[in-house]
Amino acid sequence: MRLSAYFVPTMKETPAEAQIVSHRLMLRAGMIRQMSAGIYAWLPLGHRVLRKVESIVREEQDRAGCQEMLMPTVQSADLWRESGRYDAYGPEMLRISDRHEREMLYGPTNEEMITSIFREECRSYRDLPKLLYHIQWKFRDEVRPRFGLMRGREFLMKDAYSFDMNFEGARKSYNRFFVAYLKTFARMGLKAIPMKAASGPIGGDMSHEFLVLADTGESAVFCHRGLLALEPPGDDVDYGGDLQPIVDTWTSLYAATDEEHDPAQEAALGGDLVKARGIEVGHIFYFGTKYSKPMRAVVAGPDGQDIPVEMGSYGIGVSRLVAAIIEASHDDAGIIWPESVAPFRVGLVNLKADDAGCAQACETFYANLGRAGVDVLYDDRDARAGIKFADMDLMGLPWQLVVGPRGLKNGLVEIKNRATGERQEVTMESAMSHLMG
RNA sequence: CGGGGAGUGGCGCAGCCUGGUAGCGCAGCUGCUUUGGGAGCAGCGGGUCGCAGGUUCGAAUCCUGUCUCCCCGACCA
């Protein structure tokens, strides 16, 4: 992509309304624009990141054996009356009526809908287990939206639902998501720690929040130092096998958010206690027959008797993750994208756009890197060097390839690593092979 | 939902108290000079001062209402 033609309205100054760093940087880097309180438009650069994050989430859900589908954003109020949540949900639910005055709502979540779909089609224990997910926009009419995408009203969420015949099956499903989440966040360069979460009236130990550690996180977290050193599962995980040992490893050490924190643990942990801050990016929980019973989602067991299915629900805040990644990875100059979610891998900076030699070298790089499958954002603008460097640092592409007349005289170009700030002058051939890796 | 604050050009702000026909920096456009970390000079364009009423000869400024946005708290992926 040529920057001269790309729609990325970057800003030198920070809009007054943006308080936290991810909000500020997303506005300044031209990724998003606010349309209403808590509602944002994704501009091309931001959209690329959102799609990358979404893809990683999707891949890991698929690997875990979960099947993607897509449910509507607008739902019928009647469905929610079946579970009793239409009245219970309160003003956070955006209620709307259609032209026939039918009561509708913009979905804040999809338990009722997926349960309804499931019960129509699945009648036998032989249909189980089923793991289903979708990635869809949700709306929760927060009293007070804030922190940019971190607490918006409209947000993109991956929500998955599991259906099993009994508790043991439900635990296996739960473990699949537990492991998939560890992998998902690790792929985005994040340290995400599972923390025991309140499981409400259901009880039990099967409810975990996944918190990304970032200094600016909104909740205080307390955990054992050992958790930070744990290696997340790799691609060799066998989802068909027993995942309990992995889950046990990650849940055996103390970890809690401030709400669940037991101060007595601090003394017990001593020097192993880590106090940090975190951002919740995922939540998994088992809720048994909470919806299947009232909504009569039952299957016939081996003995012919109907039994309500055991369910669980598993969310990841996809749009929030984009902000969380920035909170966890930035510096004074701007964003520092992990390679896996970067909108482009390489920023090609032509320091002197009207110099024939520079232009030619850049065009060659641009074409060759493109052919090699490397995403390149080519700053071909007729602008000053300082502006180009500042914009590149702000947008945070992992690699900058700087081409200027000074180096070019000696056949050299400069490669800068955005994360470390390290620069090296290399030959053009070496630059190519370096950036293709 | 309780408490606080703000709406003036694309962005950041001043002007409001003490009414007199709107200003500064950045950004934009044109020209010249510059050119490896957000250039300099000269010129140009762009604002129904959130909206609606009211007071007044005259309202960005005073009064009333209303909408929107932000911050703190309670609530939440």
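Residue numbers start from 1 in every chain, and the chains themselves are labelled A, B, ... in the order their sequence lines are given, proteins ahead of strands.
- Applying the 4.0 Å criterion to OP1 and OP2 of rC72(B), one finds that Gln19(A) has every side-chain N and O outside that range.
- Atom C1' of rC57(B) sits at a distance of 14 Å from the matching atom of rU21(B), rounded to the whole Å.
- The same atom, P, is picked in rU8(B) and in rG3(B); the two are 25 Å apart, to the nearest Å.
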Collect all protein-nucleotide pairs involving nucleotides 28-36 of chain B in which both atoms are nitrogen or oxygen and the distance is under 3.5 Å.
residue, atom, partner, partner atom, Å
rU34(B), O2, Arg384(A), NH1, 3.0
rG36(B), O2', Arg406(A), NH1, 2.9
rG36(B), O6, Gly404(A), O, 3.2
rG36(B), O6, Arg406(A), N, 3.3
rG36(B), O6, Gly407(A), N, 2.9
rG36(B), N2, Glu414(A), OE1, 3.1

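- Nucleic acid contact class of Ser319(A) (heavy atoms, under 4.0 Å, all strands): none.
- Rounded to whole Å, atom C1' of rG37(B) lies 15 Å from atom CG of Asp332(A).
- Atom CG of Asp354(A) has more than 12 heavy atoms from other residues, nucleotides or ligands within 6.0 Å.
- Separating the CD atom of Glu142(A) from the P atom of rC69(B) is a distance of 14 Å, rounded to the nearest angstrom.
- Aromatic ring pairs are classed by plane angle as parallel below 30°, tilted from 30° to 60° and perpendicular above 60°; the pair Phe287(A) and Tyr291(A) is perpendicular.
- In the displayed structure, Glu68(A) atom CD is contacted under 6.0 Å by more than 12 heavy atoms of other residues, nucleotides or ligands.
- Heavy-atom distances under 4.0 Å link RNA chain B to Arg146(A), Arg151(A), Gly152(A), Phe155(A) of residues 146-159 of chain A, given in residue order.
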Check against salt bridge (Lys or Arg N to Asp or Glu O under 4.0 Å), Lys183(A) and Glu60(A): CA-CA 7 Å; Lys183(A) 291 184 64 188; Glu60(A) 294 302 330; 3.2 Å; yes

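- Here Ala37(A) lies in heavy-atom contact (under 4.0 Å) with sugar-phosphate atoms only.
- Separating the C1' atom of rG10(B) from that of rG45(B) is a span of 13 Å, rounded to the nearest Å.
- Using C1' as the reference atom, rC13(B) and rU18(B) are 22 Å apart when rounded to the nearest Å.
- Checked against the 6.0 Å centroid criterion, the rings of Tyr254(A) and His224(A) do not qualify as a close aromatic pair.
- Heavy atoms from other residues, nucleotides or ligands lying under 6.0 Å from CD of Glu231(A) number 12 at most.
- Aromatic ring pairs are classed by plane angle as parallel below 30°, tilted from 30° to 60° and perpendicular above 60°; the pair His283(A) and Phe285(A) is tilted.
- We find that CZ of Arg85(A) is positioned 14 Å from C1' of rC76(B), with the value rounded to whole Å.
- For Tyr181(A) and rA77(B), the OH to P distance is 12 Å, given to the nearest whole Å.
- Residues Leu351(A) and Ala385(A) share a closest heavy-atom pair of CD2-CB, 3.6 Å.
- A donor-acceptor contact closer than 3.5 angstrom links the side chains of Glu112(A) and Ser83(A).
- Judged by distance alone, the side chains of Ser162(A) and Tyr314(A) do bring a donor and an acceptor atom under 3.5 Å apart.
- Summarising the geometry, the separation between CD on Glu218(A) and C1' on rC72(B) is reported as 15 Å, rounded to the nearest angstrom.
- Atom C1' of rC71(B) sits at a distance of 34 Å from the matching atom of rU55(B), rounded to the whole Å.
- Rounded to the nearest Å, the gap between the P atom of rG47(B) and that of rG2(B) is 39 Å.
- Remark: the backbone N or O of Asn110(A) is paired with a side-chain donor or acceptor of Tyr161(A) at under 3.5 angstrom.
- Protein atom CG of Asn110(A) is 15 Å distant from nucleotide atom P of rA77(B), rounded to whole Å.
- Rounded to whole Å, the P atom of rG31(B) lies 40 Å from the corresponding atom of rC16(B).
- Side-chain proximity of Arg28(A) to the nucleotides rC76(B), rG38(B), rC71(B) is greatest for rG38(B).
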What pairs of nitrogen or oxygen atoms, one from the protein and one from nucleotides 5-12 of chain B, lie under 3.5 Å apart?
residue, atom, partner, partner atom, Å
rC11(B), O2, Glu13(A), OE1, 3.0
rG12(B), OP1, Ala16(A), N, 2.8

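- Distance noted for atom P between rG9(B) and rA14(B): 13 Å (whole Å).
- Across all strands, Glu280(A) comes closer than 4.0 Å only to sugar-phosphate atoms, never to a base (heavy-atom distances).
- At whole-Å resolution of the value, NZ in Lys388(A) and P in rA39(B) are 13 Å apart.
- Inspection of the Tyr174(A) and His208(A) side chains reveals an N or O donor paired with an N or O acceptor under 3.5 Å.
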